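For reference, the structure discussed in these notes is given below.
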Amino acid sequence: MMRGEALIAYRALIRATRNSFAGDTLMLKASAAEVRKKFEENRHVSSETEIQRLLEEAREASEFISSNIVQAKRTDRGGFEMKVGQDHAGATLELPSEEIIRKSV
């Protein structure tokens, strides 16, 4: 049963990153690798209490990614645009630093 829950949590995280980083191959690959790494690191956890804690963390991470992360895209005029969905209602806006922006182009 725990294995099924872990698989559901894993898929939810992958789905959340695919939705949030659609069109950004670099972020899609990096986020999928990070999710897989975290699950692999905890593959041999046997304590039911610890497994439940890890599953809750995975659910919270999935929800956070889905509701708080929006990928901005550079427009032809040099600005940025974001497509914010209903999942992002109530989220706050955090703009990336100039250094991060320079590294991404």
Side-chain angles (χ1 to χ4, degrees):
M1 182 164 124
M2 292 286 185
R3 182 176 179 165
E5 288 181 55
L7 188 56
I8 289 169
Y10 178 82
R11 287 179 178 160
L13 272 166
I14 294 297
R15 192 175 315 110
T17 59
R18 282 184 185 154
N19 290 336
S20 292
F21 302 124
D24 186 340
T25 305
L26 180 65
M27 283 303 295
L28 284 169
K29 286 181 179 180
S31 61
E34 183 65 19
V35 169
R36 182 162 184 87
K37 176 182 147 202
K38 291 294 184 186
F39 274 77
E40 286 294 331
E41 285 174 358
N42 295 296
R43 176 183 286 276
H44 300 292
V45 172
S46 59
S47 162
E48 188 170 334
T49 304
E50 183 67 7
I51 292 169
Q52 288 301 326
R53 185 188 67 75
L54 291 166
L55 289 171
E56 182 58 30
E57 283 181 11
R59 286 187 282 270
E60 288 174 5
S62 179
E63 178 64 29
F64 180 85
I65 291 166
S66 295
S67 61
N68 291 302
I69 296 179
V70 178
Q71 195 75 338
K73 296 185 182 187
R74 191 178 290 269
T75 64
D76 295 338
R77 298 181 304 168
F80 290 89
E81 71 178 9
M82 296 182 293
K83 293 185 181 174
V84 181
Q86 282 186 320
D87 291 344
H88 300 98
T92 59
L93 177 64
E94 183 178 321
L95 298 174
S97 69
E98 288 294 321
E99 180 181 340
I100 291 171
I101 293 171
R102 278 193 297 276
K103 287 179 180 179
S104 69
V105 280

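Predicted model, so just to flag it, every value in this text is computed and none were measured.
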In terms of hydrophobic clustering (I, L, V, M, F, W, Y; side-chain heavy atoms under 4.5 Å; direct or indirect links), are Leu28 and Phe64 co-clustered?
yes
So which atom in Phe39 and which in Ala58 form the shortest heavy-atom distance, rounded to 0.1 Å?
CZ-CB, 4.1 Å
dist Arg36:CZ -> Leu13:CG (nearest 0.5 Å) comes out at 13.5 Å
Testing Thr17, Leu26, Ile69, Ile65 one by one against Ser31 for a side-chain contact (heavy atoms from CB on, under 4.5 Å), which residue passes?
Thr17
Is it the case that more than 12 heavy atoms not belonging to Glu40 sit under 6.0 Å from its CD atom?
yes
Between CD on residue Glu60 and CD on residue Glu56, distance to nearest 0.5 Å
4.5 Å
Correct closest heavy-atom pair for Glu5 and Leu55 would be OE1-CD1, 3.6 Å
Taking every heavy atom of Ser62 against every heavy atom of Ala12, the minimum-distance pair comes out as OG-O, 3.3 Å
Using 0.5 Å steps for rounding, measure from the CD atom of Glu41 to the NZ atom of Lys38.
5.0 Å
What distance separates Lys29 NZ from Asp24 CG, expressed to the nearest 0.5 Å?
11.0 Å
Salt bridge flag under 4.0 Å for residues Glu50 and Arg53
yes
